[in-house]
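Beneath this line is the structure, given in structure tokens, with notes to follow.
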2 protein chains.
Amino acid sequence: MSREPSVLPAVQDHAAEAHAAEVLAVNLIAVLVAVSEDQPRVLTIGGSALPSGPFELAHRSLQSGLRDWVEQQTHHPIGYVEQLYTFADRDRGGGEGARMVSISYLGLTRERPAVAVGATPEWRDWYSFFPWEDRRQGASAVEPTLKTGLRAWIASAADPALRREREQRCAIAFGFDSQVWNEELVLQRYELLFEAGLIPEARHAAPQTGAQTIPGQAMTGDHRRILATAMARLRAKIKYRPVVFELLPETFTLLQLQRSVEALAGLLVHKQNFRRLIEQQNLVEDTGAIATATGGRPAKLVRFRRAIQAERAVAGTKLPRP
Amino acid sequence: MSREPSVLPAVQDHAAEAHAAEVLAVNLIAVLVAVSEDQPRVLTIGGSALPSGPFELAHRSLQSGLRDWVEQQTHHPIGYVEQLYTFADRDRGGGEGARMVSISYLGLTRERPAVAVGATPEWRDWYSFFPWEDRRQGASAVEPTLKTGLRAWIASAADPALRREREQRCAIAFGFDSQVWNEELVLQRYELLFEAGLIPEARHAAPQTGAQTIPGQAMTGDHRRILATAMARLRAKIKYRPVVFELLPETFTLLQLQRSVEALAGLLVHKQNFRRLIEQQNLVEDTGAIATATGGRPAKLVRFRRAIQAERAVAGTKLPRP
DNA sequence: GGAGAAATGCTCGTTAGGAGTATAAGTAGA
DNA sequence: TCTACTTATACTCCTAACGAGCATTTCTCC
């Protein structure tokens, strides 16, 4: 939570109901996610910024403000919206004392008819911003670069205690030293790389080790961090709440469902166990239709049982291990 | 998420980077929790309001702003702070068009030397606001009143579909019809009671059924809802992150730990299984000291192993069933 | 010295979930 | 038409996690 630079000392005089409440600009930022062709996509403006806009008095509420203008931009209804995090930046824009409060949201939407590539807004594969987060083919291609960079950073620690600490944090976040990869630690990994100065945004913090920058596109301001937050939240959420369905078409096959979960988690799962899980939770029902196979035996087309939401405090789509 | 009244229609003209960003007052609200004498307490101002204050330019960040003035008020360090939710209310204070954005936080602190009762601020048992949430002695005393009220509300539904829906929501939230009580659904329960007009705050919404109001103290504005949010979050969190320790003294016995968990969850747990869980997770270590028993065989005094935080992506204190 | 209260140790049975084997039913191409 | 390949679907096995009890130990208080 140490996202804000610690510039000023703490103040003591703010039992300040005395002077009138100060006013600040409030901004809404959306991380809008869809899945197409087995890739999770995120909606960007100009390729490297998240859509964002001011919260206005005319808006009915924060959420509807967000909904309104996102739908206007994408011309698609957003099924699911949830608040992510609110933060305040001193740095941002307008000099001295200016302050903006940003409220970020995660939104899920269906795969939509393709929008022209290069257009604004544009859907981008979220792994183009976080290549190391995709481990569906095993360790990603950037892994060696990343490991080298982190090792250099660990080694560059002045005292042994600090070195030990860095070592441990890396081990947990990246699954070094026989630890397992935890797909939910997206934000921790990003923050480590940031601290280690291994990503372009960090070109001012942390003693440079001279190590090269990790592949993976940067984003405007701290939008990449916000995306990391969204990814972490979504990866956690699909395990205990059936939100994946917001990303799928009305009817789908179990494999499609599985591929979507895998795309989000960045991990492959055991097919048979995945099906068992879905079935025993009664999450889907047959439509009677059969999928025109892409190869292999045709699969039943199923649909999400919305009723399940009402029936019980729904456990959710757990995902089995690879 | 339908907390804001739907007054105005959605607006369409807000691709509005054009006109200058509008400015709004930003408020910080704290739900500060402690446990003493096996009761969870929440810090109130004037007995029925949560501490809150404006976010000011002088504050280093949102979190430190909160920390600053809460510590100033309570004269105690807060070990743990996490953001809860941000909302905007049209209604609140200064008429027409005035709008305030409120950012709520959950804070955990140690049991402190008692503050005089009746003082401001004052620590209050959180079950005095939510009597139905304490099921450590089995169903609470208010349960019959509550059940009657809800049944009346269900019956008052115009068409059968609506009736059926209400029935189901109650069954899930309150564990009617042989469903089990889920201690995490604090907010859902509150919202149902609100909708049913069974609590004082709701004295304007929903067709009154004439049923009496449920016992349980109301709070200023929507503070009771925020407290519900905090309770839900905390009850969920203690199951997968070792945050209970923030509420305990430096050294403690396993029973003390258990009682604290039970106090928060509002449920009793199986003692032996609870110990097994704690032990196999290596969450605590012996201090060598022995507790001067209150009755019964003396217990080992243990302390929380802070190291655990670093060692692994810590699973957390799971709690066994009653 | 007996009763009561807690601490602590151990067992048992069920279930969730990880992993693998086997078989069925399509498509694409030789 | 036959073969290879791909995917769907059904079962089996095994282990760890966890809910539920029983039993024993070690105190304090009558």
Side-chain angles (χ1 to χ4, degrees), chain A residues 37-38 136 138 180-183 238-240 251-262 265 267-303 312 314-322, chain B residues 38 136 180-183 238-240 251-262 265 267-303 312 314-322:
Chain A
E37 290 146 27
D38 295 341
R136 285 174 292 177
V180 284
W181 174 269
N182 181 341
E183 82 280 1
I238 52 175
K239 291 201 203 152
Y240 63 96
T251 70
F252 49 87
T253 69
L254 287 180
L255 187 60
Q256 266 180 282
L257 173 59
Q258 186 185 337
R259 294 280 179 249
S260 297
V261 169
E262 290 174 336
L267 287 174
L268 297 179
V269 303
H270 183 116
K271 188 196 275 197
Q272 297 90 319
N273 290 348
F274 181 80
R275 307 171 119 264
R276 174 173 63 187
L277 224 49
I278 302 298
E279 273 155 18
Q280 79 191 11
Q281 289 182 108
N282 241 310
L283 284 171
V284 301
E285 63 191 0
D286 281 15
T287 60
I290 299 286
T292 58
T294 22
R297 173 171 168 181
K300 283 190 277 199
L301 276 169
V302 298
R303 79 167 68 86
R312 42 188 173 106
V314 118
T317 332
K318 305 162 207 151
L319 54 159
R321 296 289 304 287
Chain B
D38 296 341
R136 285 175 292 178
V180 284
W181 174 268
N182 181 342
E183 82 280 3
I238 52 174
K239 291 200 202 154
Y240 64 95
T251 70
F252 49 87
T253 69
L254 287 180
L255 187 59
Q256 267 180 281
L257 173 59
Q258 184 184 339
R259 294 280 180 249
S260 298
V261 169
E262 290 174 336
L267 287 174
L268 297 179
V269 303
H270 182 115
K271 187 196 277 198
Q272 295 93 317
N273 290 347
F274 181 80
R275 307 173 120 263
R276 176 172 64 188
L277 224 48
I278 301 298
E279 273 154 19
Q280 79 191 13
Q281 288 182 107
N282 239 309
L283 283 171
V284 300
E285 63 191 0
D286 280 16
T287 60
I290 298 285
T292 56
T294 21
R297 174 172 168 178
K300 283 191 278 200
L301 276 169
V302 297
R303 80 168 67 86
R312 42 188 172 104
V314 116
T317 331
K318 306 162 208 152
L319 55 157
R321 296 289 305 288

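Keep in mind that this is a model prediction, so the values were computed, not measured. Sequence lines set the chain letters: A, B, ... in the order given, protein chains first and strands last, and positions in each chain run from 1.
Summarising the geometry, the separation between CZ on A:F274 and P on C:dA19 is reported as 16 Å, rounded to the nearest angstrom. Taking atom CG on A:L268 and atom P on C:dG18, their separation rounds to 14 Å, with Å as the unit. Between the CG atom of A:L267 and the C1' atom of C:dG18 there is a distance of 15 Å, given to the nearest Å. Between the CD1 atom of B:I278 and the C1' atom of C:dA7 there is a distance of 15 Å, given to the nearest Å. Atom CD in B:Q280 sits roughly 11 Å away from atom P in D:dG19 (whole-Å rounding). Whole-Å rounding puts the B:I290 CD1 to D:dT28 C1' distance at 15 Å.
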| message | Across nucleotides 7-13 of chain D, 5' to 3', mark each nucleotide with B, S or - according to how protein heavy atoms within less than 4.0 Å reach it. | response | BBBBB--

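To the nearest 0.5 angstrom, B:E262 atom CD is 4.5 Å from B:L268 atom CG.
Checked by atom type and distance alone, the side chain of B:T287 pairs as donor or acceptor with a backbone atom of B:L301 at under 3.5 Å. Of the possible polar contacts, none joining the B:E279 side chain to the B:R276 backbone as a donor-acceptor pair under 3.5 Å is found.
Put simply, the residue from A:V261, A:N273, A:L283 that forms a side chain to side chain contact (heavy atoms under 4.5 Å, CB included) with A:I278 is A:L283.
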| query | Between A:Q258 and A:L254, is a side chain to side chain contact (heavy atoms under 4.5 Å, CB included) present by the stated rule, with each step listed? | reply | CA-CA 6 Å; A:Q258 186 185 337; A:L254 287 180; over 6 Å; no

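Within 3.5 Å, a donor on the side chain of B:H270 pairs with an acceptor on the base of D:dG21, or the reverse.
Contacts of B:K300 classified as salt bridge (Lys or Arg N to Asp or Glu O under 4.0 Å), with partners at least two apart in sequence or in another chain: B:D286.
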